[in-house]
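Each residue takes its place number in the sequence, starting with 1. No experiment lies behind these values; they were computed from the predicted model shown. Whatever order the structure lists them in is the order used to number ligands and atoms, beginning at 1.
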Amino acid sequence: MSDTSEAPSIAENKPPAILSLIGDTPLVEVTQFDTGPCHLFLKLENQNPGGSIKDRIALSMIEAAEEEGKLQPGGTVVEATAGNTGLGLALVAGAKGYRVLLVIPDKMSQEKISHVKALGAEVRITRSDVTRGHPEYYQDVAARLAEEIRGAFYVNQFGNPANPLAHERTTGPEIWEQMRHDVDAVVVGVGSGGTLTGLGRFFNRVKPRRGIEVILADPTGSVLYEYVKMGKLVESGSWAVEGIGEDFIPEIADMSLVTDAFEIDDEESFATARDLLHKEGIFGGSSTGTLVAGALRYCRQQTKPKRVVTLVPDTGNKYLSKMYNDFWMAEQGFIHRPPQGDLSDLISHRYEAGEVITVGPDDSLLTAFKRMRGSDVSQLPVVDKNGRAIGIIDESDLLVRVHRDSSHFNDPVEKAMTDRLETLPPDTKIKDLLDVFDRGRVAIVMEDDKFLGLITRTDLLSYLRLHMPKSAAPLEREFV
Ligand SMILES: Cc1ncc(COP(=O)(O)O)c(C=O)c1O
């Protein structure tokens with residue numbers, strides 16, 4: 001090949017083409033649920049390149065800042081965010097060559113932090129147990145950093161008019177076209193209020209005088225439902241659905257656009273999102289469950305046929321270790337097993353149901369180590385061919401064996417395991433369980449000869465947390 005052959009050229013100052021794939025998301029009809037007399041449609045915002053509806057506002061807020069001269073080449077984009085907005089900004093601003101600095105509360109999952117870092121964003125972790133006005137509150141930290149850094153732009157999705165404008169200019173018109181100008185109601189959630197305000201304004205314009213109802217679906221614990229229904233601000237509670245619900249009214253949220261509201265608890269939201277995946281094959285996040293549950297309630301209350309739209313705001317990928325994980329759901333009390341009233345209620349992974357990761361006595365120590373790493377546990381029960389628990393192997397047992405000569409990773413498990421087992425029958429008292437933990441062991445629950453499962457300190461702590469009186473439970477804060 002000669003030097004003059006055509007090499008693919010990198011267009012100067014042109015961002016990657018992926019940004020042109022933001023928006024224009026598909027709309028599908030729900031066909032496998034009882035929608036009463038209504039037709040219910042879902043706008044699949046999970047299909048945006050960054051996996052959420054926030055890609056739209058990231059693009060709109062960055063472009064507005066560029067046009068207004070608030071963001072110059074070489075500038076830094078700063079935002080306080082816990083989730084999708086950070087991903088959207090890392091994608092959009094990163095692709096446009098800006099430095100991206102995200103201030104993230106410390107309760108957010110490692111997966112989310114890894115994701116924004118992989119996109120090239122820098123992360124400052126701050127406290128999640130403080131409220132607005134505190135110097136370490138995530139929004140205050142971001143505002144301060146933006147002042148300190150030369151050429152920095154503080155995005156502030158809660159007060160940025162380019163946030164609702166993204167929905168007024170793109171999401172709304174797309175829905176209107178896809179529905180062939182025939183819409184009776186749209187069901188939304190509020191995080192920053194951008195979706196509500198943008199869609200509300202657009203639909204009021206194309207079909208004025210409340211021709212299109214704007215229905216709020218709000219997590220139980222958020223203050224917005226009460227505000228719409230009673231016109232007053234109540235004390236907030238806590239909720240586990242992510243991305244929507246608030247303990248204040250965001251600056252850009254025009255709540256006067258809402259015509260009615262439904263309150264949906266975590267359990268119903270999660271169950272609905274999981275059902276949506278099973279029945280329709282649509283993989284949404286936790287707030288998808290809230291919105292679809294709210295839309296279904298609205299639909300089933302109607303006496304005349306209506307055409308209703310709601311959103312799938314983000315992808316379920318981010319919720320695989322939570323809402324889509326049966327163990328997490330059971331641990332949090334969202335999936336209920338019939339209680340036995342004994343120690344077996346504390347067993348999170350039951351052997352009989354194939355839920356326990358085990359190792360055989362003839363397996364190698366390397367196999368044991370890989371299984372521990374793969375499932376993030378520090379010990380494994382050793383179970384023989386007849387299904388009997390004959391030992392337990394933990395990280396210390398492995399270390400003792402291999403620390404001088406790592407070729408011992410090839411030794412069989414039975415050479416390193418502990419066979420002095422702390423077996424307990426299911427009717428043991430919790431106090432006796434504590435004695436086992438004091439000896440640095442895990443408890444193996446056996447009913448006669450039958451191995452039921454293990455109980456670790458974490459299992460006991462999770463059980464106690466779940467049974468903590470509601471009045472004593474601290475409030476969990478939500479971050480958008
Ligand atoms: C995960 C998630 N993020 C964000 C939003 C939109 O919130 P807003 O436009 O009010 O910030 C929603 C709305 O349903 C959502 O479910």
**Item:** Polar proximity ligand 1 side, T195 side, N/O cut 3.5 Å exclusive
**Value:** yes
**Item:** Enumerated ligand 1 atoms positioned under 4.0 Å from heavy atoms of S287
**Value:** 1 (C), 2 (C), 15 (C), 16 (O)
Report, one line per pair, each donor and acceptor closer than 3.5 Å where one atom sits in a side chain of residues 370-379; sequence neighbours left out.
residue, atom, partner, partner atom, Å
R371, NH1, T358, O, 2.9
S375, OG, R371, O, 2.6

**Asked** Relative to the heavy atoms of G194, which atoms of ligand 1 are at a distance of less than 4.0 Å?
**Response** 8 (P), 9 (O), 10 (O)
**Message:** List ligand 1 atoms under 4.0 Å from L291, heavy atoms only on the residue side.
**Reply:** 14 (O)
**Request:** Number the atoms of ligand 1 from 1 as they appear, then name those within less than 4.0 Å of a heavy atom of N84, with their elements.
**Result:** 1 (C)
**Item:** Donor-acceptor pair between T126 and E136 side chains, under 3.5 angstrom
**Value:** no
**Prompt:** Relative to the heavy atoms of G193, which atoms of ligand 1 are at a distance of less than 4.0 Å?
**Reply:** 8 (P), 10 (O), 11 (O)
**Prompt:** Which atoms of ligand 1 are found less than 4.0 Å from any heavy atom of E242?
**Reply:** 1 (C)
**Request:** Identify, by atom number and element, the atoms of ligand 1 in contact range of V190, meaning under 4.0 Å from any of its heavy atoms.
**Result:** 10 (O)
**Message:** I'd like to know whether D326 forms a salt bridge (charged side-chain N to carboxylate O under 4.0 Å, His left out) with R274, so could you lay out the CA-CA distance, the side-chain angles of the two residues, the decisive distance to 0.1 Å, and finally the verdict.
**Reply:** CA-CA 11 Å; D326 287 350; R274 288 164 60 109; 2.7 Å; yes
**Message:** Between D345 (side chain only) and G341 (backbone N and O only), is there a donor and an acceptor less than 3.5 Å apart?
**Reply:** yes
**Message:** Restricting to side-chain contact (heavy atoms from CB on, under 4.5 Å), what partner residues turn up for A93, sequence neighbours left out?
**Reply:** I62, V77, Y98, V100
**Message:** With a heavy-atom distance limit of 4.0 Å, tell me whether P313 approaches ligand 1 through its side chain, its backbone, both, or neither.
**Reply:** side chain
